[in-house]
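Just so it is clear: chains get the letters A, B, ... in the order the sequence lines come, proteins before strands, and each one is counted from 1.
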There are 2 protein chains.
Amino acid sequence: MAQRIVPDVVVRRLTQYYYALRNCRKRGLEIVSSQLLGEMLNVTAAQIRKDLSFFGGFGKQGIGYNVDSLLDHVQRILGLKRTWPVALVGLGNLGRALLHYQGFEKEGFKIIVLFDSDPGKVGTTIGQLEILDDKEIAQVLPAMGVRIAILALPPEKAQEVADMLIEAGVRALLNYAPVTLKVPEGIWVRQMDPLVALQSMTYYLVSLEEA
Amino acid sequence: MAQRIVPDVVVRRLTQYYYALRNCRKRGLEIVSSQLLGEMLNVTAAQIRKDLSFFGGFGKQGIGYNVDSLLDHVQRILGLKRTWPVALVGLGNLGRALLHYQGFEKEGFKIIVLFDSDPGKVGTTIGQLEILDDKEIAQVLPAMGVRIAILALPPEKAQEVADMLIEAGVRALLNYAPVTLKVPEGIWVRQMDPLVALQSMTYYLVSLEEA
DNA sequence: TAGATTGTTAATCGATTAACAATC
DNA sequence: TAGATTGTTAATCGATTAACAATC
């Protein structure tokens, strides 16, 4: 069956369903209805059923969804049933904090290679990993099968490094640099910019004061 | 004139316009058209005009928008013409990296108070700031007029701390903990979860392989 | 004046919600 | 069987885009 095109907003919600379902499992629930799942996530039951129907019929009429089975399907759809090797570029304060964050590995994202441009850092080792020079990306990365990179570097360097990474086979970028990256079709970028997030909330704080 | 209700998606795009306009100014542009702005941001010119029209008419027919003037308007609308005091909760690796990040202060967000629950950290000082105990939030925060808090703490504690912060006057939460916070109407949360971001990209990586 | 570009209205598109037949 | 809940279609809602009169 030809896969319909799935809106990105649905894919993003699917990650929420994934966490909600794990929560159900932790609570010992065997069956969950779209109703209950919706209450957990503040979305309508209809939306959950609609979203899931993009990928198949996973429930039973009159019953609901088997938590384990649906969780398994969602994991498979999102590609979470494997370990993804990840490149981390930039080992300043933020980069090092990300490297030490346990959550990535717990969820199957394993940082296997580090890059930085600072000659003072290149060649040094953190844990098991040596910091390589940015310039080596083209040389070492393709053989590693890395499709995901985390960018934790200054905004001036972000575009240049992104270009090199994409050239070396990376297809998904988690970008902490406050820059809108220009990437070709077929490359995915998620922006992790705390300033943008704050600056869109201050709008509401102002209108709060005025009210 | 009664302010029409502005969709959140418009507010978020406004932050993008803000950065694009700064870019224009840096490049020495005096005037910019919706066309050019759109090209810089990969949105249509019509959308930019529509978005701006929520707030007023800032351009001149036949000419375009004055960069300085529009930038000024956008800053005012977003509440970026002042300094916002910020509370930071959680001083693990991530919290400390955020504290040392220069970008916040440059953009007018000043971290003025630190909280943590670890007795080993409470009472110690980073830079000018002493780390206070989470339990003191209710006591010290209200007098400070802090409306914005950054949460960089373990998921188990996030909801509890969020509740205390809101009780103490916080209205906007930048949440790095991988938890969907339950907050009352009128409180804004932006989720900064790298795992969710990665997990929604792997979906596309999988379909890439299958293609 | 002629050309350009805004601000706004109308048309289109897509996403969300409601409704309900199918069925467990 | 009666009650519950899915999967799907149709209705609604909202956001984006196109078009164009106004006007610089």
Round to the nearest Å and state the distance from [X] atom [atom1] to [N] atom [atom2].
X	N	atom1	atom2	answer
Gln47(B)	dT12(C)	CD	P	19 Å
Phe58(B)	dC24(D)	CZ	P	17 Å
Ile5(B)	dC13(D)	CD1	P	15 Å
Lys50(B)	dT16(D)	NZ	C1'	8 Å
Leu36(B)	dT5(C)	CG	C1'	13 Å
Ile31(A)	dT6(D)	CD1	P	10 Å
Arg13(B)	dG14(D)	CZ	P	16 Å
Asp51(A)	dT16(C)	CG	P	7 Å

[X] side-chain proximity, nearest of [options]:
X	options	result
Ile63(A)	dA15(D), dC24(C), dT16(D)	dC24(C)
Ser33(B)	dT6(D), dA15(C), dT5(C)	dT5(C)
Ala46(B)	dA15(D), dT16(C), dA18(D)	dA18(D)

Establish, with yes or no, whether the OP1 or OP2 oxygen of [N] is under 4.0 angstrom from a side-chain nitrogen or oxygen of [X].
X	N	result
Thr44(A)	dT17(C)	yes
Arg49(B)	dA22(D)	no
Tyr65(B)	dG7(C)	yes

_Given DNA chain C, 5'-ward residue of the pair Gly62(A) and Pro7(A), judged by closest heavy atom_ = Pro7(A)
_Closest contact, heavy atoms only, Leu78(B) versus Gln199(A)_ = CD2-O, 3.7 Å
*asked:* For Leu41(B) versus Ala20(B), what's the shortest heavy-atom pair and its separation?
replied: CD1-CB, 3.8 Å
Hey, are [X] and [Y] close enough for a salt bridge, meaning a charged N less than 4.0 Å from a carboxylate O?
X	Y	result
Asp72(A)	Lys81(A)	yes
Glu160(A)	Lys135(A)	no
Arg12(A)	Asp8(A)	yes

*asked:* Applying the Watson-Crick and G-U wobble criteria at under 3.5 Å, what pairs with dT5(D)? Answer none if nothing qualifies.
replied: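 Paired with dT5(D), as far as the under-3.5 Å criterion goes, is dA22(C).
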